[in-house]
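Below is one structure, written out as structure tokens, with a few remarks after it.
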Amino acid sequence: MSAMYGFDSTLNTMTKKSDIPGFRPYRASVARKQILSPHFMRIVFSSSEFHRLGTDGFDQRIKILFPFDDVHPSGPWGDPHLFDEDSIARGMWYQQWKSLDTTERNTIRTYTIRHANPAAGEMTVDFVLHDSSGPAGTFAATCSVGDDVIIIGPDAHSLHSDIGIDFHPGAARHLLLMGDETAIPAISAILERLSADRWEGDGTVITEVPDRRDFLTLTAPRNVRVFQLARGSASVPRGQAVANRLCSLCTPDRLDTSVADGSDGSTFDGESGEHSDVADLSADADVLWEVPSHVPDSGLYAWVAGEAGMVRFLRRLLITRLGLDRRRIAFMGYWREGRKEI
Ligand SMILES: Cc1cc2nc3c(=O)[nH]c(=O)nc-3n(C[C@H](O)[C@H](O)[C@H](O)COP(=O)(O)OP(=O)(O)OC[C@H]3O[C@@H](n4cnc5c(N)ncnc54)[C@H](O)[C@@H]3O)c2cc1C
């Protein structure tokens, strides 16, 4: 087993890292709740095990397991071996979950670490409160301080703790981030991390949320401008507001991602829309998940996440209509209208 040291930005220390699984389960409970807006609930989870929580940041995803209700014969948790040392050492949580009878599988949902604070033993997650009832949204709305969850999250002791990060701008100097409300936690964390790193490129962020009251304060680097848009009427398709704003920033062959007048921006012309060497990580053909492993140069890098139909719509706009090279764009269908996650 190889080992090396990695810098832990939260603790300001070096952590010894080994070739162990990037994710591990943590027993956590609700420490605090805060209503951020009509459609956002912030939950701070605490755990005595979070001292080894990974802090790579950006759009670091996690999985949350929600407990069974009080009358379930197995008690709150279906997998009796999730926390066995051997299971953790081999990174077996998902295979174990899949092998259980469906009645013994706790509901799993995917979320983003909004903020990791291992020193305080805390992790913050911002949940969208949506109208269609689902176990995660319902938990966020109704949970109480002390309620338990299990979080499958990054392990700071692993060389692979950044495995759940899909934001890979490489040397790109121009950013375009677009998403719906479920992508706001990731976009917020990406922008905060770039600000902390004193990233000096420029960029444009366009987000779409249900209501103007859902506009949150985002901390962005100096040369990144942020457009928060309200979806408004339910009859307006998801992504339409984002697409309109994007088009208003484009001339036929050019997207201006910069704040400063006269800056370079990024050109689209001459780039072919379709390239085959982008990893399509989607196990389900209905859910779009295309994440390039590296950007070819210092030009534009785009990151698009949210409802799958919206992401597809924006994909068509960027690649087919604007002719952008797909190797520059991460497309992530975070959820799908009318369908539960698992
Ligand atoms: C990598 C990744 C990171 C994510 N990060 C976050 C995050 O930080 N915060 C966050 O809130 N979400 C995040 N999501 C999205 C979240 O996983 C889904 O919204 C999830 O489906 C919610 O689970 P649920 O149990 O509430 O609903 P489900 O049981 O999955 O679905 C029930 C019904 O609700 C609908 N539905 C699900 N989500 C929404 C929604 N947001 N708005 C309207 N209807 C919806 C479904 O279409 C379905 O009809 C992320 C997803 C991914 C893949």
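As the structure lists them, so they are numbered: ligands from 1, and atoms in each ligand from 1. These numbers were taken from a predicted model, which means no experiment stands behind them.
Side chains of His160 and Asp155: a donor-acceptor N/O pair is absent below 3.5 angstrom, by distance only. For the residue pair Thr204 and Arg225, a side-chain donor N or O sits within less than 3.5 Å of a side-chain acceptor on the partner. If you check the side chains of Asp59 and Trp303, you find a donor sitting under 3.5 Å from an acceptor.
Neither the backbone nor the side chain of Phe139 has a heavy atom within less than 4.0 Å of ligand 1. Proximity of Ser132 to ligand 1, defined as any heavy-atom pair under 4.0 Å, is shared by backbone and side chain alike. Contacts between Asp131 and ligand 1, counted as non-hydrogen atom pairs separated by less than 4.0 Å, are absent for every part of the residue. Both the backbone and the side chain of Lys340 come within 4.0 Å of ligand 1, counting heavy atoms alone.
Ring pair Phe45/Phe127 is perpendicular by interplanar angle, where above 60° counts as perpendicular and below 30° as parallel.
Classification of Glu208 and Arg245 as a salt-bridged pair fails, no side-chain N sitting under 4.0 Å from a carboxylate O.
Residue Ala136 has at least one N or O atom closer than 3.5 Å to an N or O atom of ligand 1.
Near Phe127, the atoms of ligand 1 lying under 4.0 angstrom from a non-hydrogen atom of the residue are 11 (O). Atom numbering of ligand 1 starts at 1 in the shown order; those under 4.0 Å from a heavy atom of Pro185 are 7 (C), 8 (O), 9 (N). Listed by number with element, the atoms of ligand 1 under 4.0 Å from a non-hydrogen atom of Arg336 are 46 (C), 47 (O). Each of the following atoms of ligand 1 lies closer than 4.0 Å to a heavy atom of Ser133: 32 (C).
A pairwise comparison of heavy atoms in Phe50 and Ala28 identifies CZ-CB, 3.9 Å as the closest pair.
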